Amino acid sequence: MASWDFQLVAGPFGSPTDGPVWDGEALLFTQLTFPFNVANNRILRYDPATGDVTDFRRWTNRTMGLALSGSGVLYGAQSGGRRLVRFNADGSTSPLAHKLDGIYHNQPRDLVVDSQDRIWFCDPHGDLREAMNPQIHDKLDHASVLRLEAPTLDASITRITYDTDSPTALLLSPDESTLYVAESSEEPSGPRELRAYPILEDGSVGQYRLLHTFGSDSGSGRGGVHRGIYGMCLDGEGNVVAVAGGEDAGPGPMAYVITPQGRILESHSLPEAPTNCAFGGSGSADLYVTTKGGSLFRASGVGRYS
């Protein structure tokens with residue numbers, strides 16, 4: 001098994017990058033800062049043909065995850081605004097429904113759009129500094145995976161998981177029968193797991209299968225818990241490609257290829273602590289990874305696509 005060669009293609013930009021998604025010709029990804037530098041809360045576009053990075057959108061209010069619908073509509077998890085948004089082709093931005101049982105949801109992080117144009121999203125309790133971004137609305141008393149039933153301002157939101165505390169990333173299987181969720185607590189005793197929930201006929205989920213769990217070091221000199229999964233994408237064979245880990249403990253920053261049954265097929269070292277990943281390029285063969293350090297890396301020709 002050859003090691004994946006991750007090359008720096010953009011950045012570092014001085015603050016975390018996230019949310020990569022391939023738009024058919026180039027890679028869109030987000031840059032995140034706290035409100036004292038709102039101009040750098042933006043979506044960037046990397047063109048692999050020229051190597052140029054340009055502003056796609058500015059003033060995005062800490063949009064983290066990005067997702068494209070089957071018809072090519074771009075949606076974002078706007079953690080600063082505590083809502084999902086639609087980025088319209090005319091340059092405008094439309095807010096989507098943001099209340100569950102009359103209460104504003106938390107700070108969405110990652111999202112995916114299914115074949116019915118429903119938006120599934122992780123809604124953890126975020127880390128925005130209250131002094132910089134005062135919250136005037138109460139947060140939910142849980143951190144769950146939620147589903148927006150239609151991409152409109154008046155649509156309903158459904159709570160999907162009742163057993164999560166720190167959901168950070170999610171995926172749907174190609175046939176949309178399984179919801180993959182990364183539960184990545186930053187508490188020493190919290191879970192750091194990859195879970196597979198069966199999606200039932202009524203749209204709810206059943207008991208999850210535990211595909212992988214991350215441990216902690218003991219007596220190694222480095223110590224500490226292993227950083228869990230913060231971004232995932234699917235390869236062409238339906239395997240989960242997950243990016244996890246950091247410099248402080250465990251094997252370091254890594255990309256894992258995990259089968260739907262939980263077998264780790266491959267693991268590859270990453271240059272920096274990752275935040276998210278996406279396939280793109282010709283034949284979707286190139287894996288792009290964003291990082292906490294604000295970089296964009298690419299491993300060319302590694303996708304399992306026919």
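Just so it is clear, the structure is predicted and the values come from calculations on it, not from any experiment. Here, residue 1 is the first one in the sequence, and each next residue gets the next number.
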**Asked** Strictly by modelled atom types, are Ser166 and Glu186 linked by a side-chain donor-acceptor pair under 3.5 Å?
**Response** no
**Prompt:** Does the side chain of Ser204 pick up a donor-acceptor pair with the side chain of Asp202 at under 3.5 Å?
**Reply:** yes
**Request:** Apply the test side-chain contact (heavy atoms from CB on, under 4.5 Å) to residues Ser15 and Gln31: give CA-CA distance (whole Å), side-chain angles for both, the deciding distance (0.1 Å), then the verdict.
**Result:** CA-CA 7 Å; Ser15 60; Gln31 182 188 3; 3.0 Å; yes
**Message:** Using the rule side chain to side chain contact (heavy atoms under 4.5 Å, CB included), only one of Val257, Ile258, Val241 pairs with Leu265; which is it?
**Reply:** Val257
**Item:** Considering all heavy atoms, the nearest Glu193-Thr213 contact
**Value:** CG-OG1, 3.9 Å
**Message:** I'd like to know if the side chain of His105 reaches the main chain of Ile103, judged simply by a donor and an acceptor atom lying under 3.5 Å from each other, with no hydrogens or angles considered.
**Reply:** no
**Message:** Hydrogens and angles aside, do Asp163 and Thr161 bring a side-chain donor and acceptor to less than 3.5 Å of each other?
**Reply:** no
**Asked** Side chain of Glu272, backbone of Lys292: donor and acceptor closer than 3.5 Å?
**Response** no
**Prompt:** Going by atom types only, do Ser185 and Asp165 share a side-chain donor-acceptor pair under 3.5 Å?
**Reply:** no
**Prompt:** Side chain of Ser216, backbone of Val225: donor and acceptor closer than 3.5 Å?
**Reply:** no
**Prompt:** Any sub-3.5 Å donor-acceptor pair from Ser79's side-chain atoms to Arg109's backbone N or O?
**Reply:** no
**Asked** Between Ser144 and Asp123, does any side-chain donor sit less than 3.5 Å from a side-chain acceptor?
**Response** no
**Request:** Assign the ring pair Trp22 / Tyr288 to parallel, tilted or perpendicular, where the plane angle (0 to 90°) is split at 30° and 60°.
**Result:** parallel
**Request:** Verify the distance criterion only: is there a donor paired with an acceptor across the side chains of Asp18 and Asn276 at less than 3.5 Å?
**Result:** yes
**Request:** Applying ring pair (Phe, Tyr, Trp, His ring centres under 6.0 Å), name anything that partners Phe87, two or more places apart in sequence or on another chain.
**Result:** none
**Asked** Between Arg209 and Pro260, is there a donor-acceptor pair closer than 3.5 Å when you use the side chain of the first and the backbone of the second?
**Response** yes
**Message:** Quick one, Thr60 with Asn41, criterion side-chain hydrogen bond (donor to acceptor under 3.5 Å, both in side chains). Give me CA distance, side-chain angles, the key distance, then yes/no.
**Reply:** CA-CA 5 Å; Thr60 57; Asn41 282 276; 5.2 Å; no
**Asked** Hey, is the main chain of Gly190 close enough, under 3.5 Å, to the side chain of Arg192 for a donor-acceptor pair?
**Response** yes
**Message:** I need the minimum non-hydrogen distance between Glu25 and Pro48, along with the two atoms involved.
**Reply:** O-CD, 3.7 Å
**Message:** I need the minimum non-hydrogen distance between Pro167 and Cys122, along with the two atoms involved.
**Reply:** O-CB, 3.5 Å
**Message:** Between Phe6 and Leu287, does the side-chain contact (heavy atoms from CB on, under 4.5 Å) criterion hold? Intermediate values first, please.
**Reply:** CA-CA 9 Å; Phe6 287 94; Leu287 180 66; 4.1 Å; yes
**Asked** Is Asp101 atom CG crowded by more than 12 heavy atoms from other residues, nucleotides or ligands, each under 6.0 Å away?
**Response** no
**Request:** Let me see the working for Met64 and Gln107 under side-chain contact (heavy atoms from CB on, under 4.5 Å), right down to the final yes or no.
**Result:** CA-CA 10 Å; Met64 299 187 75; Gln107 289 162 345; over 6 Å; no
**Request:** Identify the two heavy atoms, one from Ala150 and one from Ala155, that lie closest to each other, and give their separation to 0.1 Å.
**Result:** O-CB, 3.2 Å
**Item:** Chi angles and distances behind the side-chain contact (heavy atoms from CB on, under 4.5 Å) call for His268, Val302
**Value:** CA-CA 11 Å; His268 301 275; Val302 302; over 6 Å; no
**Request:** State whether Arg45 and Asp23 are salt-bridged, where the test is any N-O pair (Lys NZ or Arg NE/NH1/NH2 against Asp/Glu carboxylate O) under 4.0 Å.
**Result:** yes
**Message:** Donor-acceptor pair, distance only, cut-off 3.5 Å: does the side chain of Asn88 make one with the backbone of Gly91?
**Reply:** no
**Fill in**
In terms of heavy-atom contacts, Gly303 and Phe279 come closest through CA-CE2, 3.4 Å
**Item:** His142: ring pair (Phe, Tyr, Trp, His ring centres under 6.0 Å) partners, not counting sequence neighbours
**Value:** none
**Message:** Please check this pair: side chain of Arg82 against backbone of Asn106, looking for a donor-acceptor N/O pair closer than 3.5 Å.
**Reply:** yes
**Asked** Does the ring of Tyr197 carry Arg195 above it, NZ/CZ under 6.0 angstrom from centre and within 45° of its axis?
**Response** no
**Request:** Check the pair Asp52 / Thr54 against side-chain hydrogen bond (donor to acceptor under 3.5 Å, both in side chains), numbers first and verdict last.
**Result:** CA-CA 6 Å; Asp52 293 338; Thr54 55; over 6 Å; no
**Request:** List the atom of Pro108, the atom of Phe121, and the distance in Å for their closest heavy-atom pair.
**Result:** CB-CD1, 3.8 Å
